[in-house]
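In what follows, every heavy atom counts, from backbone to side chain, and hydrogens, waters and symmetry copies are set aside. A note on names: the letters A, B, ... follow the listed sequences, proteins ahead of strands, and every chain is numbered from 1.
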Amino acid sequence: MHPYRTHTCAELRQDHVDQSVKLSGWIHRKRDHGGVLFIDLRDTHGLTQCVVDEGSPLLAQFENIRTESVVTVTGTVRTRPGETQNANMPTGDIELYIEALDVQGAAEVIPFQVAEDDGVGEEMRLKYRYLDLRREKMQKNIRLRNDVIFEMRKRMRAQDFQEFQTPILTASSPEGARDYLVPSRLHAGKFYALPQAPQQFKQMLMVSGFDKYFQIAPCFRDEDGRADRLAEFYQLDIEMSFVTQEDVFNTIQPVIEGIFEQFNDFTGTPHKIEWGEHIRYEDAMLKYGSDKPDLRNPLEIVDVTEVFARDDVEFKAFKGTIEKGGVVRAIRAPKVSDQSRKFFDKLNSWAQSEGAPGLGYVVFKDGEGAGPIAKFIPAAAQEELKKISGAEEGDAVFFICNKEKPAAKFAGLARDAICSALPEGHEAAREKGVFKFAWIIDFPMYERDEHTGEVDFSHNPFSMPQGGMDDLENKDPEAIYAFQYDAICNGFELCSGAIRNHKADIMEKAFSIAGYDKSVLEDKFGGMLNAFQYGAPPHGGCAFGIDRIIMLLADEPNLREVYAFVMNGQYEDQMMSAPSDITPEQLKDLHIKLDMPKAKIKEQAA
RNA sequence: GCGGGCGUAGCUCAGCUGGUUAGAGCGCCGCCCUGUCACGGCGGAGGUCGCGAGUUCAAAUCUCGUCGCUCGCGCCA
């Protein structure tokens, strides 16, 4: 017999009755009845009830083994007596009568419960991640992650993509997020950077003639965390040659749709997959106040600046802002006139908690407009308001007034807040059981910094401007669009991509508009620029956030729930003690002297 | 860098406007129990109330500071 197991803990059935078998696993639960003792033995596959029968010499031994110890048990499979069969367990018809016990790894008292959800905090879970990962939910999530990545590889290969590995130690780039830096021992004072994405490498693979590239690519960004943002994360990174934007969509969309369809009911609730029409960036910002709108929310934003600019409207708070170049945005909430005062008050205090003066509104009921600011809007203006917003009797319209950018953004937040405030089952409540996707297209190439007034790339500097060199030379930078796109789903940005700029002269021009000298371009992107001198194909691609896909499928609010090992919100790993101090010898090797902030020095001395 | 929330037993939490010896559930230890599957019963151990200062006759409770965690803003092409 095998030294550890003949079967897994999920395998034994009636067919195995009377067989002598061996199982290994963790003691999930012990139920000690004095005479007879039940052990639920667990491995990654499942649970099997094992029995230490009355009079067994093993009884005393088992009483001293704590839960979560690893044991190997040998015994005979038996049918459970009639009424004690457990229909909730796949192995519930049988049990293993233990005849021999080997303790492989005894467990100390565990710091939190594995067998049940005891609500333990994240700090504990991360510190003892190996215990946390034993729990059923994490085992499932990690298996989902594994399955999703496997499917990605399968589906990409089926479309003739080749998988690559690109360097982890590479060069720092001046654009985008902060890089994680790695000092070079051999080159004093110089640093490698961990890639924020394999952007330049995949583009150079296109120059090399590899038509279709993909990678399950690790990416690193040294910026502060969020629930959906980590220092290191993985992307399904894709690049293709001789393609248009639509070709990229048509290639990758079936891969993503297929994966979502395959795992849509992972949570136990089936989800539909709906991919909407492309949305232009500007339309998204106006209609949804976000470039990653949650399309399950049916509410839309409209511009009603002209209504509040009318001479007969006397709402001074908005008028003053409009005169300074501001705008008024409105959100129609259907059928809410019967909502209590509390509904409106709650939204108002939500707005105040976000730093706004409040959230003004008009309710149309009993044939007229009501609410705190209705009296400033005469009937004729109210009619115009209804026309623009589509509001009808019984609806309310909420207002946001500010300069255009903050107004759009706050309207987007309000749109979500209003939708969330609606009661379950309301016609405008957030749709359930659906993954709603769309491509956001036509991102602007440049944007002007509000404070400095300077023009900079608004997204990826390697994107092709839609009008090519002609646009760069003749258009106002802010009016130039890029072949730059995102894929969104349920309020998450799942993917970002572009048709790249593969012409060195256009790239030079594009960078010069953003204020980057040719020397900067050559210094920082020289490798790629050189490559473009020797026959570069038109190409483009995108990258999907794998972790966010798994978050959505598993309906987890936090990225840390879909990673085996992960750092906390401050990007520390309490389990491995990273980051950590290094020895003076290591520093010397790297030619580095620390220049610590004063507060830290004091703290360490204390 | 900034803001909100939290910090009491190994874990999760309760402890109201200050007032005897700071509680519960789970876990742990001991005893009892032949069929449970979140087994059950009895008993027990376990606390610098994050830390520091202040107010007070009296502080887990009020005030200030500080540290930690978490969510968000900034940031993240």
ring-ring contact (aromatic ring centres under 6.0 Å, His included) pairs, two or more places apart, involving residues 500-524 of chain A: A:F457-A:F511, A:F511-A:Y516, A:F511-A:F525
Sugar-phosphate, base or nothing in reach of A:P111, heavy atoms under 4.0 Å: sugar-phosphate
By salt bridge (Lys or Arg N to Asp or Glu O under 4.0 Å) - contacts of A:D224 (at least two apart): none
Base-pair map of RNA chain B as dot-bracket, where | denotes pairing with a different strand and pairs are Watson-Crick or G-U under 3.5 Å: (((((((..((((.....[...)))).(((((.......))))).....(((((..]....))))))))))))....
Each nucleotide N or O in nucleotides 7-9 of chain B that has a protein N or O under 3.5 Å away: list the pair and distance.
none

Pi stacking test for A:F38 and B:U36: under 5.5 Å apart, planes under 30°: yes
Each nucleotide N or O in nucleotides 69-73 of chain B that has a protein N or O under 3.5 Å away: list the pair and distance.
residue, atom, partner, partner atom, Å
B:C69, OP1, A:E572, OE1, 2.8
B:C69, OP2, A:Q570, NE2, 3.3
B:C69, O5', A:Q570, NE2, 3.4
B:U70, OP1, A:G569, N, 3.2
B:U70, OP2, A:Q570, NE2, 2.7
B:C71, OP1, A:N558, ND2, 2.8
B:C71, OP1, A:R560, NH2, 2.6
B:C71, OP2, A:R560, NH2, 3.0
B:G72, OP2, A:A227, N, 2.9
B:C73, OP2, A:R226, NE, 2.7

Counterpart residues, side chain to side chain donor-acceptor pair (under 3.5 Å), relative to A:D118 (two or more places apart): none
Where at least one partner belongs to residues 556-580 of chain A, residue pairs that pass salt bridge (charged side-chain N to carboxylate O under 4.0 Å, His left out), sequence neighbours excluded: A:E122-A:R560, A:R125-A:E561, A:K137-A:E556, A:K137-A:E561
Results of ring pair (Phe, Tyr, Trp, His ring centres under 6.0 Å) for A:Y281 - residues two or more places apart only: A:F443
Protein N or O to nucleotides 39-43 of chain B N or O, pairs below 3.5 Å:
residue, atom, partner, partner atom, Å
B:C39, OP2, A:R31, NH1, 3.1
B:C39, N3, A:H33, ND1, 3.3
B:C39, N4, A:D32, O, 2.3

Residue pairs passing the side-chain hydrogen bond (donor to acceptor under 3.5 Å, both in side chains) test where at least one lies in residues 90-101 of chain A, sequence neighbours excluded: A:Q49-A:E95, A:T76-A:E99
Sugar-phosphate, base or nothing in reach of A:G121, heavy atoms under 4.0 Å: sugar-phosphate
Side chain to side chain contact (heavy atoms under 4.5 Å, CB included) partners of A:D117, counting only residues at least two apart: A:R135
Qualifying salt bridge (charged side-chain N to carboxylate O under 4.0 Å, His left out) pairs, either residue in residues 193-202 of chain A, two or more places apart: A:K202-A:D237, A:K202-A:E239
Sugar-phosphate only, base, or nothing, as touched by A:S458 at under 4.0 Å among non-hydrogen atoms: sugar-phosphate
Touch class at under 4.0 angstrom, heavy-atom based, for A:D118 against every strand present: sugar-phosphate
